[in-house]
Asks: 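What follows is a single structure, and I will ask about it in a moment.
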Amino acid sequence: MTLPSTFLAARYTEYGEESQVEVVEVPMVSSLPDGHVTVRVKKAALNPIDWMVQAGLLKAAGWAAPEGGLTMGYDFSGEVAAAADDVASSWAVGDAVFGVHWGEGTHHHSKSTALAGTFAQFVTLPASCLSKRPAELKDELAAAIALVGTTAHQALFRNAKVTEGSRVAVLGGAGSVGQLAIQLAKNAGAWVATTASPRNADFVRGLGADQVIDYTKGAWTEALDGKFDAVLDLAGMDGSFAAARGVLKEDGAYVSITNQEAGFDPAAHPPLRFASFFVLSNEPAVQDQLAAAAVAGKLKMPVDSEFPLTTEGVRAAISKQKSGKSVGKIIINVAE
């Protein structure tokens, strides 16, 4: 595949509102570093982390755009356009791939100076981020599940040690991570309670939740009976950690991707086996499991809407997600 000298990318050079984002021409990399591939992006998915970093809300956590600006986007699905010599035997031009351009427990990637970059016609990233996309898995679903699916999977199984028979409370079941957490937990044989608004109650019940709690009608803990093995806090309500401790078993787990009330040391609150703010790590083996489950019909993620890779399109996508009115993923349609 002959690569162009330039391509289109959604970038910003200043923190702020989505009006700072523009789709502009950027140069193609002149040579691939060892271990890297260039992917022609077909679909990319928007996540809250995209606009939170762009707004400068996570600078204190070290999640800042590099000097000179940032091309947005972490999730992608597409095809290999070029591969460095040392990985060319594993990744051939034309291979259908998907993944998330993310690091190890942080959004910076230790194996690359590049960061994010999937809201673009091409992205260059470490081959270690990639998974092969099964032919039965559509590009938009592959792009939609990589980041949120890896987050849900690692929170449940690596951190909370959820197994068959576990009792799990998912706070914020209608969000993208929550949707997949409910399904993954149920697939593993867990019993799942979740919080949702009245308008999303039937939706999350359809994902398999055993109990749906209307969080607008008082404390969510009051609706629960018995003790729980794990609480996944995907909603970020004030006081969630203290409330969770009241319903968790003595050696239970509290995993949050939203607030930081439990701190950053998973072992800091014994006898709880895990209690911490959590950030995913790039893990293609998990991506492979997610893809297999999706192909088997055991994992679903609705697409709320698609927007084109134009300045107006990307700004509208960000605005839609910030409104809180989307159910399912917002997709950036880069190429058919």
Asks: For Gly178 versus Val170, what's the shortest heavy-atom pair and its separation?
Replies: CA-CG1, 4.1 Å
Asks: Can you give me the closest heavy-atom contact between Phe76 and His101, atom names plus distance?
Replies: CE2-N, 4.2 Å
Asks: Tell me every residue that passes salt bridge (charged side-chain N to carboxylate O under 4.0 Å, His left out) with Asp238, counting only those two or more places apart in sequence or in another chain.
Replies: none
Asks: Check this for me, if you would: do Glu18 and Arg315 make a salt bridge, where the nitrogen-to-carboxylate-oxygen distance has to be below 4.0 angstrom?
Replies: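 Answer for the salt bridge query: no.
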Asks: Going by the side-chain hydrogen bond (donor to acceptor under 3.5 Å, both in side chains) test, which pairs reach into residues 169-186, not counting sequence neighbours?
Replies: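 Sorted result for residues 169-186: Lys186-Asp210.
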Asks: Can you check side chain to side chain contact (heavy atoms under 4.5 Å, CB included) on Tyr74 and Leu280, steps first, answer last?
Replies: CA-CA 12 Å; Tyr74 299 98; Leu280 81 152; over 6 Å; no
Asks: Would you compute the distance between atom CG of Asn282 and atom CG of Leu125 and round it to the nearest 0.5 angstrom?
Replies: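 Taking CG in Asn282 and CG in Leu125, the distance rounds to 8.5 Å.
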Asks: Walk me through it: do Lys320 and Asp304 pass the test side chain to side chain contact (heavy atoms under 4.5 Å, CB included)?
Replies: CA-CA 10 Å; Lys320 176 73 179 290; Asp304 178 272; 2.6 Å; yes
Asks: Sequence neighbours left out, what pairs pass salt bridge (Lys or Arg N to Asp or Glu O under 4.0 Å) with at least one residue falling in residues 244-256?
Replies: Asp229-Lys249
Asks: If I take atom OH from residue Tyr254 and atom CZ from residue Phe228, how far apart are they, to the nearest 0.5 angstrom?
Replies: 15.0 Å
Asks: Roughly how far, to the nearest 0.5 Å, is the CE atom of Met72 from the CD1 atom of Ile318?
Replies: 4.0 Å
Asks: Taking only residues at least two apart or on different chains, which pairs with a member in residues 199-209 satisfy salt bridge (Lys or Arg N to Asp or Glu O under 4.0 Å)?
Replies: Asp202-Arg205
Asks: I need the Thr194 OG1 to Leu234 CG distance, nearest 0.5 Å.
Replies: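 Between Thr194 OG1 and Leu234 CG, I get 8.0 Å after rounding to 0.5 Å.
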Asks: Quick one: salt bridge (charged side-chain N to carboxylate O under 4.0 Å, His left out) partners of Glu25, sequence neighbours excluded?
Replies: none
Asks: Is the shortest side-chain heavy-atom distance between Asn259 and Phe277 below 4.5 Å?
Replies: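 No, their side chains stay 4.5 Å or more apart.
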Asks: To the closest 0.5 Å, what do you measure between CD (Glu22) and CG (Leu8)?
Replies: 12.5 Å
Asks: Counting only heavy atoms not in Lys227 (residues, nucleotides, ligands), do more than 12 fall under 6.0 Å from its NZ?
Replies: yes
Asks: Can you list every pair that meets ring-ring contact (aromatic ring centres under 6.0 Å, His included) and has a residue in residues 127-166, with sequence neighbours left out?
Replies: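 Output for this query lists His153-Phe157.
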Asks: In residues 82-99, what donor-acceptor pairs under 3.5 Å come from side-chain atoms, sequence neighbours left out?
Replies:
residue: Asp86; atom: OD1; partner: Gly35; partner atom: N; Å: 2.9
residue: Asp86; atom: OD2; partner: Gly35; partner atom: N; Å: 3.0
residue: Asp95; atom: OD2; partner: Ala92; partner atom: N; Å: 2.9

Asks: Can you tell whether the side chains of Glu306 and Lys43 come within less than 4.0 Å, N to carboxylate O?
Replies: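 Between Lys43 and Glu306 there is a salt bridge, with a charged N closer than 4.0 Å to a carboxylate O.
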Asks: Quick one: does Asn333's side chain get under 4.5 Å of Pro308's, heavy atoms only?
Replies: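 Heavy-atom side-chain distance check fails, nothing below 4.5 Å.
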Asks: Quick one: pull up CD1 in Ile257 and CD1 in Ile49 and give me the separation to the nearest 0.5 Å.
Replies: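 Ile257 CD1 to Ile49 CD1: 9.5 Å, rounded to 0.5 Å.
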Asks: Testing the basics here: between Val212 and Ala196, what is the closest heavy-atom pair and its distance to 0.1 Å?
Replies: CG1-CB, 4.2 Å
Asks: Excluding sequence neighbours, so at least two apart, what forms side-chain hydrogen bond (donor to acceptor under 3.5 Å, both in side chains) with Ser256?
Replies: Thr258
Asks: In the hydrophobic clustering (ILVMFWY, side-chain contacts below 4.5 Å, transitive), which residues join Val303, or is it alone?
Replies: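 The other cluster members (ILVMFWY side chains, heavy atoms under 4.5 Å, direct or chained) are Ile331.
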Asks: If you define the side chain from C-beta out and look only at heavy atoms, does anything of Lys42 sit under 4.5 Å from Glu79?
Replies: yes
Asks: Where do Ala174 and Asn200 come nearest, in terms of heavy atoms and distance?
Replies: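 Scanning both residues, the minimum pair turns out to be CB-ND2, 3.6 Å.
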Asks: side-chain hydrogen bond (donor to acceptor under 3.5 Å, both in side chains) with Thr71: which residues, sequence neighbours excluded?
Replies: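 side-chain hydrogen bond (donor to acceptor under 3.5 Å, both in side chains) list for Thr71, sorted by chain: Arg11.
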Asks: Working note: Ile213 + Leu224, criterion side chain to side chain contact (heavy atoms under 4.5 Å, CB included); need CA distance, chi angles, decisive distance, verdict.
Replies: CA-CA 9 Å; Ile213 301 165; Leu224 297 176; 3.4 Å; yes
Asks: Are the side chains of Gln20 and Tyr15 in touch, meaning some heavy atoms are under 4.5 Å apart?
Replies: no
Asks: Go through Leu171 and Tyr215 one step at a time and tell me if the side chain to side chain contact (heavy atoms under 4.5 Å, CB included) criterion holds.
Replies: CA-CA 9 Å; Leu171 309 184; Tyr215 67 80; over 6 Å; no
Asks: Are Thr151 and Phe278 side-chain neighbours, meaning at least one heavy-atom pair lies under 4.5 Å?
Replies: yes
Asks: Assess whether ring pair (Phe, Tyr, Trp, His ring centres under 6.0 Å) is satisfied between Phe241 and His269, documenting all intermediate values.
Replies: CA-CA 11 Å; Phe241 178 48; His269 302 278; 4.8 Å; yes
Asks: Under the rule for salt bridge (charged side-chain N to carboxylate O under 4.0 Å, His left out), what residues qualify as partners of Asp139, not counting sequence neighbours?
Replies: Arg133
Asks: Holding to side-chain hydrogen bond (donor to acceptor under 3.5 Å, both in side chains), I want the full list of residues that pass it with Thr2, two or more places apart in sequence or in another chain.
Replies: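 Partners of Thr2 under the side-chain hydrogen bond (donor to acceptor under 3.5 Å, both in side chains) test: none.
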Asks: Write down the atom of Val279, the atom of Arg158, and the distance for their closest heavy-atom approach.
Replies: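 Smallest interatomic distance, heavy atoms only, reads O-NH2, 4.5 Å.
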